[in-house]
Novice: 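Before I ask anything, let me first share the structure, which is written out below as structure tokens.
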Amino acid sequence: MNTPRSEFLKTLAARGFLHQCTDPAALDERLSAGPVAAYIGFDATADSLHVGSLVQIMALRWLQKCGHKPVVLIGGGTTQIGDPSFRDASRPLLDGEQIARNAAGLKQVFSRYLTFGDGPTDAVMVDNSEWLDPLRYLPFLREFGSHFTINRMLSFDSVRQRLEREQPLTLLEFNYMVLQAFDFLELSRRHGCVLQMGGSDQWGNIVNGIELARRIDQRQLFGLTTPLLTTSAGAKMGKTAGGAVWLNAERLGPYEFWQFWRNTEDDDVGRFLRLFTELPLDEVQRLSQLKGAEINEAKQILATEATRLAHGDEAAREAADTARRAFEGGENAKGLPSVALPRSELDAGVSVAQLFVLAGLSASRSEVRRLVLNSGARLNGEVVQDADCHVTAADLTDGSLKLTAGRKRHVLVHVSD
RNA sequence: GGGGGAAUGUCCCGAGCGGCAAAGGGGGCGGACUGUAAAUCCGCUGGCUAUGCCUUCGUAGGUUCGAGUCCUACUUCCCCCA
């Protein structure tokens, strides 16, 4: 595909969303002709999504912006199996109750990025347990199993790796791609979905769906994948000191989310601005040109824009503000992550080590001791000398104290009555 | 069906004469240098009521003063022969 005509493909291409695409010319034509329904599936393996899925979410957002209809497929059914694609080991099986809880959490995340409703370009959310749960095994095998050959299934990279690594791949997992293929067929029938998008690891699963629809319904469907997101250092993206970079505020506060983007490597700034913000491309271009310390400006904009999408305008502003005060100016910035400490516990005697664990800055007290040993722990800005020394009311400023691990992980401890 | 190997620090890879909290990497964390970046150098990288105590080497038993290391059974995987 040289130069797409449709707004959607043009945008995806320009902003770096395109990895692979089936029959791009025909898809381009279809997208130019009028609103198209496209879907991306998300398995309900956790009650939130993290930045690993953000490329997909942004792709749906652009889809909607370009006048098409996003279909969010929640894998309530497929989650009962677990996608084996590019995985070394089986995923732990989740029970139905957990899956339902997770699905509810995902819904909230999407509501921030997409507009849901009944209109022609409003997003809709469907759950594949709707058609997967009622399936009966033998009829299903007879009807669909005959369209899949083991030879072909084994040829996909997504499972080849597992086989080569000599890790077991169960029959249950092996069925996953068949069911995802069935999803696509079902969505094309029910919602007129003609395009499935996904991460590059989904290519095999997507292609299977396209082939199934062609064989059974003689219908042409399309697939499109986004590049796997790694930092320019080659590391898998999406980890912060605390763990995964979640998209909902309960799991990861806006300030920490902002910090994640602020700490982007220089070489990733341009790419991330295109993928994770909606800034015009000429502006992105300008920011990407910044060199040396000036590129920090671009990182701040990246952080604020990305946070705005995930948590709203106000939260993004506050996060930026908090960061500015914590790093550039005064010590006591409100808005930093915080934990509560009952006054009674303070009076009973609390060691610095205990506080660091309470604040989530360290996993254990031993870890705090090591941190102190490397002079990486600070209390109210002062380097802590002894992890076991107790904190007293005298250390409080405005009823709280500030813990710092390393150069940039701050947590406020509020003492409550 | 027969024979031979493998599973190690709950992030990963990987050494390990019966005395082992267990070599070495990677990753991660901290320090120095910087721009809250990268690169580089240095330190740390099981837990605790901590000069000691407790829990770790696929699972379950056994031998031994003492087992990651030896024996038995089991699980999973690889290779060779039929």
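So that the names make sense, note that chain A is the first sequence line, chain B the second, and so on, each numbered from 1. Being a predicted model, the structure only gives us computed values, none of them experimental.
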Novice: Counting only Watson-Crick pairs (N1-N3 plus N6-O4 or O6-N4) and G-U wobbles (N1-O2, O6-N3), all under 3.5 Å, who is the partner of B:rG1?
Specialist: B:rC81
Novice: Check the distance between B:rA37's P and A:Phe272's CZ and give it to me in whole angstrom.
Specialist: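 Nearest whole value for this atom pair: 15 Å.
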Novice: For B:rU36 and A:Arg409 - does any side-chain N or O of the residue sit under 4.0 Å from the phosphate oxygens OP1/OP2?
Specialist: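 A:Arg409 to B:rU36 OP1/OP2: no side-chain N or O under 4.0 Å.
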Novice: Between A:Phe116 and A:Phe110, is the gap from one ring center to the other below 6.0 Å?
Specialist: no
Novice: Quick one: what's the B/S/- string for nucleotides 45-55 of chain B, heavy-atom cutoff under 4.0 Å, read 5' to 3'?
Specialist: SSSSSB-----
Novice: Which whole number of Å gives the distance between the C1' atom of B:rC20 and that of B:rG46?
Specialist: 13 Å
Novice: Can you check the distance between B:rU10 and B:rG61, where both ends of the measurement are the P atom (answer in whole Å)?
Specialist: 22 Å
Novice: Taking the six-membered ring for Trp, are A:His410 and A:Tyr255 closer than 6.0 Å centroid to centroid?
Specialist: no
Novice: Distance between the P atoms of B:rU56 and B:rG2, in whole angstroms?
Specialist: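 These two P atoms come out 35 Å apart once rounded.
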Novice: Quick check on RNA chain B: between A:Ala405 and A:Asn296, whose nearest nucleotide comes earlier from the 5' end?
Specialist: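 Looking at RNA chain B, the more 5' nearest nucleotide goes with A:Ala405.
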Novice: Contact class for A:Gly406 (heavy atom, under 4.0 Å): base, sugar-phosphate, or nothing?
Specialist: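 Contact class for A:Gly406: sugar-phosphate only.
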Novice: Distance between the P atoms of B:rG26 and B:rU40, in whole angstroms?
Specialist: 11 Å
Novice: If the C1' atom of B:rC71 is compared with that of B:rC81, how far apart are they to the nearest Å?
Specialist: 27 Å
Novice: Whole Å only: how far is the CD1 atom of A:Ile295 from the P atom of B:rA37?
Specialist: 13 Å
Novice: Let me know the distance between CD of A:Gln385 and P of B:rG31, rounded to the nearest Å.
Specialist: 14 Å
Novice: Assess whether a salt bridge exists between A:Arg365 and A:Asp388, defined as any Lys/Arg side-chain N lying under 4.0 Å from an Asp/Glu carboxylate O.
Specialist: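 Salt bridge: no.
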Novice: To the nearest angstrom, how far is A:Trp258 atom CH2 from B:rU36 atom C1'?
Specialist: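 After rounding, the reported distance stands at 9 Å.
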Novice: Would you please indicate yes or no on a ring centroid separation below 6.0 angstrom for A:Trp62 and A:Phe8?
Specialist: no
Novice: Please report the distance separating the P of B:rG62 from the corresponding atom of B:rG68, rounded so that it comes out in whole Å.
Specialist: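 Roughly 15 Å separates the two P atoms.
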Novice: Answer yes or no: is there an ion pair linking A:Lys65 with A:Glu7, defined by an N-O contact shorter than 4.0 Å?
Specialist: no
Novice: Could you check how far CG of A:Leu373 sits from C1' of B:rC44, rounded to whole Å?
Specialist: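 Distance, rounded to whole Å: 8 Å.
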Novice: Parallel under 30°, tilted from 30 to 60°, perpendicular over 60°: which one fits the rings of A:Phe257 and A:Trp261?
Specialist: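 Aromatic pair A:Phe257/A:Trp261 classed perpendicular.
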Novice: Syn versus anti for B:rC20, judged by chi lying within 90° of 0?
Specialist: syn
Novice: Counting side-chain heavy atoms from C-beta on, which of B:rC29, B:rU36, B:rA37 comes nearest to A:Phe327?
Specialist: B:rU36
Novice: Considering Watson-Crick and G-U wobble pairs with both distances under 3.5 Å, what does B:rG58 pair with?
Specialist: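 Answer to the pairing question: B:rC74, which forms a Watson-Crick or G-U pair with B:rG58.
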Novice: Specify the separation, in whole Å, of atom CD of A:Glu265 and atom C1' of B:rU34.
Specialist: 15 Å
Novice: Rounded to whole Å, how long is the line connecting atom CG of A:Asp266 with atom P of B:rU36?
Specialist: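 Distance, rounded to whole Å: 11 Å.
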Novice: Send over the distance from A:Gln259 CD to B:rA37 P, rounded to a whole Å.
Specialist: 10 Å
Novice: Should B:rU49 form a Watson-Crick or G-U wobble pair with both distances under 3.5 Å, which nucleotide is its partner?
Specialist: none
Novice: May I ask you to say what A:Glu294 touches in the nucleic acid, namely base, sugar-phosphate or nothing, with a heavy-atom cut-off under 4.0 Å?
Specialist: nothing
Novice: Given the P atoms of B:rU59 and B:rA38, what is the spacing between them in whole Å?
Specialist: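 Rounded to whole Å, the distance is 39 Å.
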Novice: Could you go through residues 285-295 of chain A and list every donor-acceptor pair under 3.5 Å that involves a side-chain atom there, pairing it with any protein atom two or more places apart or in another chain?
Specialist:
unit_1   : atom_1 : unit_2   : atom_2 : d
A:Arg286 : NE     : A:Glu283 : OE1    : 3.4
A:Arg286 : NH2    : A:Glu283 : OE2    : 3.4
A:Ser288 : OG     : A:Val284 : O      : 2.7

Novice: Using Watson-Crick or G-U wobble geometry with both distances below 3.5 Å, tell me the partner of B:rG43, or none.
Specialist: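 B:rG43 is paired with B:rC29.
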Novice: Taking atom P in both B:rU72 and B:rG30, what distance in whole Å separates the two?
Specialist: 49 Å
Novice: Check whether any side-chain heavy atom of A:Val51 sits under 4.5 Å from a side-chain heavy atom of A:Leu247, and report yes or no.
Specialist: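 A side-chain contact under 4.5 Å exists here.
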Novice: Would you tell me if any nitrogen or oxygen in the side chain of A:Lys408 comes within less than 4.0 Å of OP1 or OP2 on B:rG31?
Specialist: no
Novice: Charged N to carboxylate O below 4.0 Å: is that the case for A:Asp28 and A:Lys10?
Specialist: no
Novice: Taking the side chain of A:Asn374 as heavy atoms from C-beta outward, which of B:rG30, B:rA32, B:rA37 is closest to it?
Specialist: B:rG30
